[in-house]
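No hydrogens, no waters, no symmetry mates; every other heavy atom, side chains included, goes into these values. In what follows, residues are counted from 1 in the order of the sequence shown.
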Amino acid sequence: MKTNRAVRTPGGLSVRLDVRALTVVVLLLLAALTAGVVLIGTGDFPISAADVLRTLAGEGDAGQEFIVTELRLPRVLVGLLVGASLGLGGALFQSISRNPLGSPDVLGLGQGATAGALTVIVLFGGTANQVALGALAGGLVTGTAIYLLAWKRGVHGYRLVLVGIGVSAIVTAVNGYLLTKSDIVDAARAVVWMTGSLDGRDWDQVWPLLALSAVLLPLVLANSRALGTMEMGDDVSYALGVRVERVRLLLMLSAVLLTASATAAAGPVSFVALTAPQLARRLTRSPGPNLAASLCMGAALLVTADWVSQRAFGAEQLPVGVVTGVLGGVYLLWLLVTERRAGRI
């Protein structure tokens, strides 16, 4: 079945349209929004999907308005934005490194953001906002260190992954040291944050994520064609006029900011950045970074995992990071076995 079509605009511009990829993006977006509506209606006071939509349209009663807009909607929006940021950041790193294991989880960016948050919690006893800023700073410092250490007449895929694994091990050791030096109250607070959770998230976490996404998303999509060209190799990209190192640095900075901001908002939610791009690629069957599909897949995965964490274990609710960790660990094992059988590792 032919999935690529050329669309010509009235101005004479011709655009290639991948029908399958576009269909997958639309379906994933609908799945993420549907899961969000279901999650808003889930809780001790259940609300039907129709009533949730009616309340979001401003036609609900006072009780439903309070529950939906003040208590549950911010959590769902944070989940959607965090999942989308992780999915997009993971797609960028995997495309830049040309390696399915080149995700923020493996490269150590999540651990770096965790180190920044732990430093604020353990050494300074910071507030929630200060912890979020510490996580953002930790992610940026770790990303910068990985880039500089991996630089040798440019940054190449396997070198980036190997340096990231080494940095991840070092930062993980630092995190363990910080936990051992903290008192029991700070240690308990830090462990809860390190699990990755959407509990208690409100509008204070929504607006920074939304603002950062509004800035970075157009920037990333504007460079998506150059990123797709770079997957064919630096020499081919240079020959086609792509400023490889400039584009790579810009997109890596964007990926670091996306990952660090998501970690700052919800803690180090594991494996979403690793699995979302790979699942999106398998659904679209399209070459290239599949940025839009990865973004929507990440949002759908995280919101669905949050619903599972609230409903699948009876009265005991789990942090969403536990669910994504279990599912992502199983997926990682499957991916490693698949890559080994294909002779790529």
Side-chain angles (χ1 to χ4, degrees), residues 81-114 116 135-151 154-161 163-165 167-168 171 208-209 211-231 243-266 268-278 280-281 288-299 301-302:
L81 291 169
V82 167
S85 297
L86 292 175
L88 182 57
L92 289 171
F93 273 115
Q94 290 180 19
S95 182
I96 290 171
S97 65
R98 286 179 282 173
N99 191 319
L101 297 179
S103 79
D105 301 296
V106 177
L107 297 179
L109 291 175
Q111 291 86 341
T114 301
L136 185 62
L140 288 172
V141 170
T142 305
T144 302
I146 292 172
Y147 185 85
L148 293 177
L149 291 172
W151 175 271
V155 175
H156 300 283
Y158 280 102
R159 190 188 306 138
L160 182 68
V161 173
V163 169
I165 291 173
V167 171
S168 176
V171 177
L209 280 172
L212 190 63
S213 299
V215 173
L216 293 179
L217 184 57
L219 182 65
V220 169
L221 294 180
N223 288 276
S224 60
R225 177 171 294 184
L227 181 61
T229 303
M230 287 165 57
E231 290 191 344
R243 297 181 178 180
V244 174
E245 289 305 326
R246 178 180 177 181
V247 173
R248 183 181 285 132
L249 177 60
L250 179 64
L251 293 180
M252 280 192 64
L253 178 60
S254 299
V256 169
L257 285 171
L258 287 167
T259 304
S261 63
T263 305
V269 180
S270 58
F271 287 114
V272 174
L274 175 68
T275 57
Q278 292 300 311
R281 185 183 291 264
N290 289 286
L291 298 181
S294 300
L295 183 151
C296 295
M297 176 63 79
L301 280 177
L302 190 54

Q | For the student: nearest non-hydrogen atoms of Asp105 and Ser270, plus distance | A | OD1-CA, 3.7 Å

Q) Roughly how far apart are Leu107 CG and Met252 CE, rounded to 0.5 Å? A) 7.5 Å

Q | Nearest-0.5 Å distance that lies between atom CG in Leu92 and atom CG in Leu216 | A | 9.5 Å

**Q.** Beyond-backbone contact of Ser294 with Leu88, side-chain heavy atoms, under 4.5 angstrom
**A.** no

Q: Find out whether Asn290 and Met297 are in side-chain contact, i.e. whether some heavy atom of one side chain is under 4.5 Å from a heavy atom of the other.
A: no

**Q.** Considering all heavy atoms, the nearest Val220-Ser254 contact
**A.** CG2-CB, 3.8 Å

Q. How close do Gly110 and Pro268 get, heavy atom to heavy atom, and via which atoms?
A. O-CB, 4.4 Å

Q.
Please report the interatomic distance OG(Ser85) to CG(Leu212), rounded to the nearest 0.5 Å.
A. 7.0 Å

Q. How long is the gap from CG on Leu258 to CZ on Phe93, to the nearest 0.5 Å?
A. 9.5 Å

Q: Please report the closest heavy-atom contact between Gly112 and Thr142, naming both atoms and the distance.
A: CA-OG1, 3.0 Å

Q) Is any side-chain heavy atom of Leu291 less than 4.5 Å from a side-chain heavy atom of Leu295? A) no

Q.
Quick one: does any side-chain atom of Thr259 pair with a main-chain N or O of Val256 as donor and acceptor, under 3.5 Å?
A. no

Q | Partners meeting side-chain contact (heavy atoms from CB on, under 4.5 Å) with Leu249 (sequence neighbours left out) | A | Tyr147

Q.
Quick check for you: to the nearest 0.5 Å, what is the distance between Leu219 atom CG and Leu250 atom CG?
A. 4.5 Å

Q) Do the side chains of Arg159 and Trp151 get nearer than 4.5 Å, heavy atoms only? A) no

Q: Quick one: closest heavy-atom pair of Gly164 and Ile146, and the distance?
A: CA-CD1, 4.2 Å

Q | Side chain proximity check, Leu209 to Ser261, heavy atoms < 4.5 angstrom | A | yes

Q: Over all heavy atoms of both residues, which pair between Pro104 and Gly90 is shortest? Give the atoms and the distance, please.
A: CD-CA, 3.8 Å

